[in-house]
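Report on one structure; see the data block that follows.
In what follows, every heavy atom counts, from backbone to side chain, and hydrogens, waters and symmetry copies are set aside.
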Amino acid sequence: MPELPEVETTRRGLLPHVVGHTVNDVVVRNPNLRWPVPGDLRRRLRGEKVLAVRRRGKYLLFDFPKGHLLVHLGMSGRLSLVRDDAPVERHDHFDLQFGAHRALRLTDPRRFGAVLWLPDPAEKHTLLSGLGVEPLERGFTGLALQERARGRSVAVKQFLMNGRIVTGVGNIYANEALFGAGIHPLRSVSRISRGRWDRLAESVRATLNRAIDAGGTTLRDFAGADGQLGHFQLQCAVYGREGKPCPRCGAKIRAIRQGQRSTFFCPRCQK
DNA sequence: AGAGGTACCTGGCAGC
DNA sequence: TGCTGCCAGGTACCTC
C-alpha cells in the first residue's frame, strides 16, 4: 500500500543490500502485472551489476550499465529481501536473485504494479517524461504550484493527486497535507492565494517527511527473518477518521467522495 | 487542454 | 456459514 514515503523507505532499505551487487538470476512467476513483464529480463540482467537505485514519484529505478529496471508497487505491491530458497507464496510474482542466497522479491496481490525494462535514457520513457515536480525537491514551492494551477479550476485535492502536476502524492497524503495547510479539499485551485499555496507546499513536504522518518524505524526489519518491510503507521489527523474529533479543534471529521476516492477533512479548520 | 470516468485485480469486511 | 456488494493507499487511457 505504497505511497511515496513507503516507496522511499523501501528504496533506502534496499540500497545497502542491492547496490554494487550482481544479479545471478531472474525469476518471473507471473508476468501478468499491469503490463506484461518483458520476457528477456533474464538475458538482460544476468551477470549485470546494480549501479544505483533511484526513485521518481512512486517509480523505483534500478540502474544497470545497459539500462534500467523500473518497478512500480501499484496499490498492493511490496518488495522484500528474502533467501532465494524462501517458500514462494501465491502473490510472489518476481525475484531478482543476487549472490549469498539473497533475492529481492516482488509480492503484489492486486497486480497493479509493474516491472519493465527501460533503455537509456530512462527519463525519456513515456511513463517518466510527463511526471510533475518531485515534492521533496527544491523546485516544489508554492509559486510552482500556483503557476501550474493557472487556467485550471479543479478542486485542489485532485490537483495535488495529479501526477503530471506533482508526482507521488496519493490519497492519504493529499488528505493529510490539506488538513495541515487548513485548505478545504473541494476548493478550486483558481481560488487559492499566494500565501496559502506556500503553506500547502510546506505542508505536503512536512507530511511526507514525517512519514519517511516514521518509516525509518522499520528499516531495521528490512532484511529480517521474513524479509518483510512492515507498513508504518502514519498518525493520521483526518484520513480514515470520519466522525472522530479533529485533533486541532474537536469538530467531527467529515468524509465525502471526490473523483471516486475518499476525502476526509475538518469542516471547521479547512476553508 | 482540461475534466471526468473507466479499467486493470484480489482480498477484506459489513450486512443480510 | 455463505453469499453479495462495496471498498481499498495507483494511474494510464479513454471520451467529451
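- Between A:Thr126 and A:Leu4, the residue anchored closer to the 5' end of DNA chain C is A:Leu4, taking for each the nucleotide with the nearest heavy atom.
- In this entry B:dC16 has C:dG2 as its Watson-Crick or G-U wobble partner, both defining distances falling under 3.5 Å.
- Contact annotation: A:Tyr239 side-chain N/O to C:dG9 OP1/OP2 distance is under 4.0 Å.
- Nearest-nucleotide positions on DNA chain B place A:Val154 closer to the 5' end than the other of A:Val154 and A:Asn32.
- Among the protein residues, A:Gly259 comes within range of no part of the nucleic acid, since none of its heavy atoms lies under 4.0 Å from any strand.
- Ionic pairing of A:Lys66 and A:Glu48 is present here: one or more N-O contacts between side-chain nitrogen and carboxylate oxygen are shorter than 4.0 angstrom.
- Backbone-only contact: A:Tyr59 has heavy atoms under 4.0 Å from sugar-phosphate atoms and none from a base.
- For C:dT11, its base sits under 3.5 Å from the side chain of A:Arg34 at one donor and acceptor pair at least.
- Taking only side-chain nitrogens and oxygens, A:His91 comes nearer than 4.0 Å to OP1 or OP2 of B:dG11.
- On the P atoms, C:dC7 is 15 Å away from B:dG5, given to the nearest whole Å.
- B:dC9 is unpaired under the Watson-Crick or G-U wobble criterion, no partner having all donor-acceptor distances under 3.5 Å.
- Separating the P atom of C:dC3 from that of B:dC9 is a span of 23 Å, rounded to the nearest Å.
- A:Leu127 comes within 4.0 angstrom of the backbone, heavy atoms only, and of no base.
- Ranked by how close their nearest DNA chain C nucleotide is to the 5' end, A:Trp35 and A:Arg257 are led by A:Arg257.
- Residues A:His184 and A:Phe265 bring their aromatic ring centres within 6.0 Å.
- In this structure, A:Arg187 is not positioned above the aromatic face of A:Phe159 in the sense of NZ or CZ being under 6.0 Å from the six-membered ring centre and within 45° of the axis.
- For A:Arg90, counting side-chain heavy atoms from C-beta on, the closest listed nucleotide (C:dA8, B:dT10, B:dA3) is B:dT10.
- Around the CZ atom of A:Arg164, the shell of radius 6.0 Å holds no more than 12 heavy atoms that belong to other residues, nucleotides or ligands.
- With hydrogens and angles left out, the side chain of A:Arg110 and the base of B:dC9 share a donor-acceptor pair within 3.5 Å.
- Of the candidates A:Arg29, A:Arg105, A:Arg78, A:Asp92 forms a salt bridge (Lys or Arg N to Asp or Glu O under 4.0 Å) with just one, namely A:Arg105.
- The phosphate of B:dG5 (OP1 or OP2) has a side-chain N or O of A:Gln260 nearer than 4.0 angstrom.
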